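All figures in this text were calculated on a predicted structure; none of them were measured in a lab. So you know, we letter chains A, B, ... as the sequences are listed, proteins then strands, and number each from 1.
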Protein chains: 2
Amino acid sequence: MWLTINLNSETAIYTQIRNQIIEGIIAGSIKENDSLPSVRQLAADLGVNLHTVNKAYNLLKQEGFITIHRQKGAVINPAENYRADQDYLVKLSKELRPVIAESLCRGMTRTDFIEAIDIIYNEFKSLKKEAKNNG
Amino acid sequence: MWLTINLNSETAIYTQIRNQIIEGIIAGSIKENDSLPSVRQLAADLGVNLHTVNKAYNLLKQEGFITIHRQKGAVINPAENYRADQDYLVKLSKELRPVIAESLCRGMTRTDFIEAIDIIYNEFKSLKKEAKNNG
DNA sequence: TAACTGTTATACTACATATATAACACATAT
DNA sequence: ATATGTGTTATATATGTAGTATAACAGTTA
């Protein structure tokens, strides 16, 4: 399993799991209609409680990324199910506003900020290439 | 006082206070060497406990934005005290990564994302103009 | 029928947030 | 000198979230 968690991180374990599955989708290491491990399996692999994984899966379900079937487990939805809509744009804006505010306060220009996000975009591009070569 | 808090928000009150003071700095409604209200005064104005405000102030102090003097109260530092350094860039990157990941997953391109941040940059530009006219 | 799935329920620990009081230490204006 | 206002420290309490530990339930499938 490509998924790893950091117990010392400030980020909640269930959030780390959620985030890494989303990264897995954009990297291409998991695709539409792929199944995720069962909550018990993934919990055992990560050394955490089943409820922690369950919480991550339910969050992903609520956000539209997966559908949970009894027996088939959690399955990645087609991309149409979670396209950016107005609600998401509002949520995104609320997340970004304090981040941009702090960067401005610390003297970063818009150009500096875009430089910072481009590093991240390039990392994701590399992940995608990597997954393509391995899959 | 230009500061308002939302008790129903998911964001902790002390975080809301911190964020709005940072926005106040970039808007220009508070400037270098300006004093913030005392913890008791601001707590009374906002209808919250003194410790909640104190927590916000100590966070701002730890981040370099203000210096807390006994008697003089909390004073905005000169910008040199909180310029973006390497540690901050690492923190920024860690904040942005999952946000960008989700936006990519939801089909947003880099261009779409920059469009979203530009709306925020324009809001801050308006705030700055507004504060200039009033101050 | 047995095994595996998500789900629900209960109980517990630990930590973060927020409040409520009270007292302390320091500076300053009266 | 004394009263006032400042940040600071110390308790105590309530609430919510995160995480764990068990156990049982309800479907599906081999």
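Put simply, B:F113 and A:I120 are part of the same group of oily side chains (I, L, V, M, F, W, Y) that touch within less than 4.5 Å, one to the next. In the hydrophobic clustering of ILVMFWY residues, with side-chain heavy atoms under 4.5 Å counting as a link, B:L59 and B:I21 come out apart. Cluster membership for A:L96 and B:L127, using ILVMFWY side-chain heavy atoms within less than 4.5 angstrom, is shared. Both A:I114 and B:V99 sit in one connected hydrophobic cluster of ILVMFWY residues. Membership requires side-chain heavy atoms under 4.5 Å apart, directly or through other members.
For A:D85, the side-chain hydrogen bond (donor to acceptor under 3.5 Å, both in side chains) criterion is met by no residue, not counting sequence neighbours.
What separates CG of B:N49 from P of C:dA22 is a distance of 13 Å, to the nearest Å. The distance from atom CD of A:Q62 to atom P of C:dT7 is 13 Å, rounded to the nearest whole Å.
Look at A:K55 and you won't find any side-chain N or O under 4.0 angstrom from OP1 or OP2 of D:dG19. For C:dT17, neither phosphate oxygen OP1 nor OP2 lies less than 4.0 angstrom from any side-chain nitrogen or oxygen of B:T52.
Annotation: proximity of residues 7-17 of chain A to DNA chain D (heavy atom, distance under 4.0 Å) is found for A:A12, A:I13, A:Y14, numbered in ascending order.
Atoms NZ and CD1, on A:K125 and A:I26 in that order, are 12.5 Å from each other to the nearest 0.5 Å.
Note on ring orientation: taking the six-membered ring where Trp is involved, the planes of A:Y82 and A:F65 are tilted (angle from 30° to 60°).
Remark: the A:N54 side chain and the A:N58 side chain contain an N/O donor-acceptor pair separated by less than 3.5 Å.
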Discussion item. Generate the contact string for nucleotides 7-16 of chain D. Rules: B means base contact, S means sugar-phosphate contact only, - means no protein heavy atom under 4.0 Å.
Written reply: BBBB------
